[in-house]
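Some notes on the structure that comes next.
Just follow the structure's listing: the first ligand is 1, and inside any ligand the first atom is 1.
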Amino acid sequence: MTLRLAEHNKDDRERRLAEIRQSLGSRSIVLIGLMGAGKTAVGRRLANWLDLPFIDADSEIEAAAAQSIKEIFAEHGEAYFREGERKVIARLLDGGPQVLATGGGAYMNPRTRAAIKARGISIWLKADLRVLLKRVGRRDHRPLLAVGDPEAVMKKLMAERGPIYAGADITVESRDVPHDVIVGAVADALAAELGCEAASGGSAKETPQRRKKVQ
Ligand code: S3P
């Protein structure tokens with residue numbers, strides 16, 4: 001996709017980012033997608049560009065439980081983790097505007113999806129299997145990938161979750177390129193989604209990621 005933000009001069013870019021921020025009101029920008037999609041890395045940079053707080057839901061869950069996710073899974077099981085995840089995200093969504101990165105399974109919960117719809121703009125960072133496996137291979141803190149073959153697990157999750165993730169307001173391909181390139185694509189898609197016409201050089205309507213106009 002085109003990277004209009006990268007092409008703009010600094011003033012245009014700042015104006016455009018300010019327009020996104022303003023149109024956002026108190027809503028959160030919520031990043032969803034599989035493990036390794038780049039939600040935290042992209043989210044952190046996007047927050048920096050937009051001068052908004054960045055919140056990582058997994059870290060907040062760990063802080064609330066005073067345990068790592070790995071420990072929560074091991075001691076209490078996945079169902080307990082999921083309920084905690086739902087509650088923490090519901091609370092965090094009251095704190096917008098912000099950029100909120102969620103764990104890969106969070107959006108699968110219908111109540112969490114409804115809460116995000118009500119108080120946020122969802123962005124699916126969609127990555128292919130090769131990219132995801134390359135990224136998750138670097139660390140071993142993810143309980144779902146600790147048992148069995150990571151490739152098989154990831155394929156299964158892609159098949160199960162892909163159709164649900166596809167309901168996000170915005171979809172951006174998370175490719176194996178520098179994170180700032182993806183952040184630029186996300187900002188372009190956000191400008192289009194939010195109807196920042198002037199700031200997008202009048203071409204917001206042409207952005208393929210545009211799904212529906214925010215009311
Ligand atoms: C999970 C993804 C993880 C974390 C937990 C479960 C999942 O977050 O929430 O290990 O179900 O996909 P990341 O997507 O940030 O790795």
Side-chain angles (χ1 to χ4, degrees), residues 28-48 53-93 98-113 115-116 120-168 170-176 179 182-183 186:
S28 300
I29 296 168
V30 185
L31 297 170
I32 67 163
L34 283 171
M35 298 173 272
K39 297 169 302 237
T40 304
V42 168
R44 208 180 281 288
R45 284 172 175 78
L46 179 67
N48 192 25
F54 171 74
I55 309 288
D56 182 74
D58 281 347
S59 304
E60 295 290 326
I61 295 163
E62 290 183 326
Q67 278 186 314
S68 70
I69 289 176
K70 213 172 171 175
E71 288 166 346
I72 301 172
F73 267 73
E75 272 187 39
H76 306 284
E78 181 171 351
Y80 179 91
F81 167 77
R82 295 297 174 200
E83 184 55 11
E85 178 177 54
R86 185 192 64 73
K87 286 184 188 154
V88 166
I89 291 174
R91 165 174 60 81
L92 292 173
L93 284 166
Q98 64 196 336
V99 177
L100 175 61
T102 61
Y107 198 70
M108 297 305 289
N109 183 307
R111 288 171 72 184
T112 297
R113 282 204 297 282
I116 292 172
I121 295 184
S122 48
I123 302 180
W124 176 21
L125 290 185
K126 183 181 183 186
D128 66 27
L129 185 65
R130 187 187 52 84
V131 171
L132 294 170
L133 288 174
K134 185 176 161 193
R135 294 195 186 139
V136 296
R138 292 181 196 143
R139 301 186 58 192
D140 73 340
H141 63 293
R142 294 178 168 102
L144 293 186
L145 297 176
V147 279
D149 168 31
E151 181 167 345
V153 173
M154 199 62 101
K155 273 187 180 160
K156 185 167 173 280
L157 291 176
M158 278 178 100
E160 284 170 5
R161 295 177 177 180
I164 307 292
Y165 290 156
I170 292 170
T171 298
V172 170
E173 299 281 340
S174 180
R175 294 163 293 126
D176 200 8
H179 288 306
I182 307 301
V183 179
V186 169

Handout entry: Exercise: identify the closest heavy-atom pair between G36 and L132
Key = C-CD2, 3.6 Å
Exercise for the section: Check whether any side-chain N or O of T102 sits under 3.5 Å from a backbone N or O of L31 as a donor-acceptor pair, and report yes or no. Expected result: yes
Completion exercise
of all protein heavy atoms, closest to atom 10 (O) of ligand 1 is P143 CD, 3.6 Å
Practice task
May I ask you to decide if S68's main-chain N or O and E62's side chain share a donor-acceptor pair within less than 3.5 Å?
Solution key: no
Completion exercise
The protein heavy atom nearest to atom 1 (C) of ligand 1 is G104 N, 3.9 Å
Fill in the blank from the handout: Under 4.0 Å from one or more heavy atoms of G105, ligand 1 contributes atoms 7 (C), 11 (O), 12 (O)
Problem - atom 8 (O) of ligand 1: the protein heavy-atom neighbour that sits closest, reported with distance to 0.1 Å - result: D58 OD2, 2.7 Å
Handout entry: I69, V136, L132: member with heavy atom nearest to atom 5 (C) of ligand 1
Key = I69
Problem - N or O pair under 3.5 Å between K39 and ligand 1 - result: yes
Exercise for the section: Examine distances only and state if a side-chain atom of S174 and a backbone atom of A37 form a donor-acceptor pair shorter than 3.5 Å. Expected result: yes
Exercise for the section: Only pairs at least two apart or in different chains count here, so list each side chain to side chain donor-acceptor pair (under 3.5 Å) that has a residue in residues 28-47. Expected result: S28-Q98, T40-D56
Problem - Proximal candidate to atom 12 (O) of ligand 1 [heavy atom criterion; set R142, R161, M154, E78] - result: R161
Exercise for the section: Indicate yes or no for a side-chain donor-acceptor contact from R161 to the backbone of G104 under 3.5 Å, with no hydrogens or angles considered. Expected result: yes
Practice task
For R175 and A127, indicate whether the former's side chain and the latter's backbone hold a donor-acceptor pair under 3.5 Å.
Solution key: no
Handout entry: F81, any N or O under 3.5 Å of ligand 1 N or O
Key = no
Completion exercise
Honestly, for T40 the part within reach of ligand 1 (heavy atoms, under 4.0 Å) is neither
Problem - Nearest-contact summary for atom 11 (O) of ligand 1 - protein heavy atom, Å - result: R82 NH2, 2.6 Å
